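Keep in mind that what you see is a predicted model, and the values were worked out from it rather than measured. Just so you know, ligand 1 is whichever comes first in the structure, and atom 1 is the first atom listed for that ligand.
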Amino acid sequence: MGIWVALFFAIISISMKKSIALNKECAEEKSKIMGLISDYFTNIMSVKLFATQSFEQDRFFKLKNFFINVAEKGGTYHTWLYGGLSLLTSGYALLFVSALIFGYQNGIVSPGDFALVIMINFNIINTIFQLSYTLRNFIANWGEVDQALALLEEGEPTHLDQPKATALKCHSGEITFYRVAFQYKGTEMLFQNKSLTIKSGQKVGLVGYSGGGKSTFVNLILRLYDVTHGAILIDDQDIRDVTQDSLRKNISMIPQNPMLFHRSVMENIRYGRIEATDKEVIEAAKKAHAHEFIKKLPQVYDSLAGERGIKLSGGQCQRIAIARAILKNAPILILDEATSQLDSVTESLIQESLWTLMKNKTTIVIAHRLSTLLHMDRILVFDKGKVVEDGTHSELLKKTGLYKNLWCAQVGSLSDESSKNNP
Ligand SMILES: Nc1ncnc2c1ncn2[C@@H]1O[C@H](COP(=O)(O)OP(=O)(O)OP(=O)(O)O)[C@@H](O)[C@H]1O
Ligand SMILES: [Mg+2]
């Protein structure tokens, strides 16, 4: 019995490494297929527009064949392994049953002993086999978990609050960049030791070419990433020393492409301040000029939004995001192209509410349409990850720099448009 158990576990432990590797390979191929399927459905519009259905199908079949090969390899290996173990066990069972028959025939083993030994042995064999199957399932799951963990490690960096992190005390909302430099994994360094202060209540516009670093600048303030060098301070507190919850509670962010939950419109707006009453939510929606379209929805504020709910336009989602920010009413406000998807009439209506919202708040506005930044206290101009100009609209126009070029290009194209329309 001892020899059989030792042999059984020796084979299992020797085969374990290979078994884990095969299961991991299988999980990797499976996740590639799942990734392709999810990518396909996310980009279904592009597939249709570029008529690439058969191209996508070929990719799918290639991956499917890889998966089948790997699964077959694993299946064959495990069939041989468990076939071998079953053979070993059958040999052992044959041996001890023969020994028992021999003992019984020679009067060494009584019928009672015979039955007892058979029962004990088969119970032990059964338990050990169950154990090995549990181990096999564990190894299979291990492969999938290991693969998922590897994906997480490759993804966005996550950072925890420091053990002694305290809540941010935001008295005035002054933001200071002190010798900040930041680098995404494998890319060039951005901001190169930049120091600047955005005073309490100041309204700052961020402009510049696409990829200049504007979104990264605000993402660093939100501590979605940690600076590589230097520090960012809010009211003289290093944002790494405060809890992330308290930091983000003090900042309202209206993103370019706000995402909505598959929940009611009411709940989606209330996300700005969970404890807000229905009345407050509706008030905020009115200020964001969202109430007009919400009241026309089939179930008004109870209509389900999000991926599987009613399809709202980009501008409608932006108005819901603005309503959320109005409800949140945090001392620091960040708008990343927050009104870019609105028509000019709705935009000018909302602008009024936004100005009220900005009152007494430190505000950062990212905008490609420079005319929306005319009334900002200050404009920062970004180019290739650096702040290349800093001043008011009129100060920057006096220089012959990037801002003036951008402004002239936009004003020029606008006047061209109007002269075309009014010959
Ligand atoms: N998650 C990321 N990982 C790696 N590089 C990134 C990431 N996000 C942005 N970058 C890079 O950092 C640089 C700055 O990007 P950022 O998104 O801040 O530009 P932006 O000024 O906001 O551009 P846009 O006007 O198009 O929104 C770009 O070169 C971009 O490719
Ligand atoms: Mg951006």
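- Listed for the Thr362 side chain is a donor-acceptor partner under 3.5 Å among the backbone atoms of Gly201.
- Of the candidates Tyr209, Phe182, Phe217, Tyr184, Tyr184 brings a heavy atom nearest to atom 3 (N) of ligand 1.
- Here atom 15 (O) of ligand 1 lies nearest to Thr216 when heavy atoms of Leu190, Val218, Thr216 are compared.
- Note that NZ of Lys194 and CZ of Phe177 are 10.5 Å apart. Values are rounded to the nearest 0.5 Å.
- Looking only at side-chain heavy atoms (C-beta outward), Val227 and Arg240 come within less than 4.5 Å of each other.
- Nearest approach of Lys32 to Leu63, heavy atoms of both residues: O-CD1, 3.8 Å.
- Contact annotation: Ser215 places an N, O or S atom under 2.8 Å from the Mg ion (ligand 2).
- Heavy-atom proximity to His368, at under 4.0 Å, picks out these atoms of ligand 1: 25 (O).
- In this structure, Tyr225 counts as a contact residue of ligand 1, since one of its heavy atoms falls inside 4.0 Å of the ligand.
- Comparing Ser215, Gly186, Gly213, Gly211 against atom 23 (O) of ligand 1, the shortest heavy-atom distance belongs to Gly211.
- Contact of the Phe60 side chain with the Ile37 side chain is registered, since non-hydrogen atoms from C-beta on lie closer than 4.5 Å.
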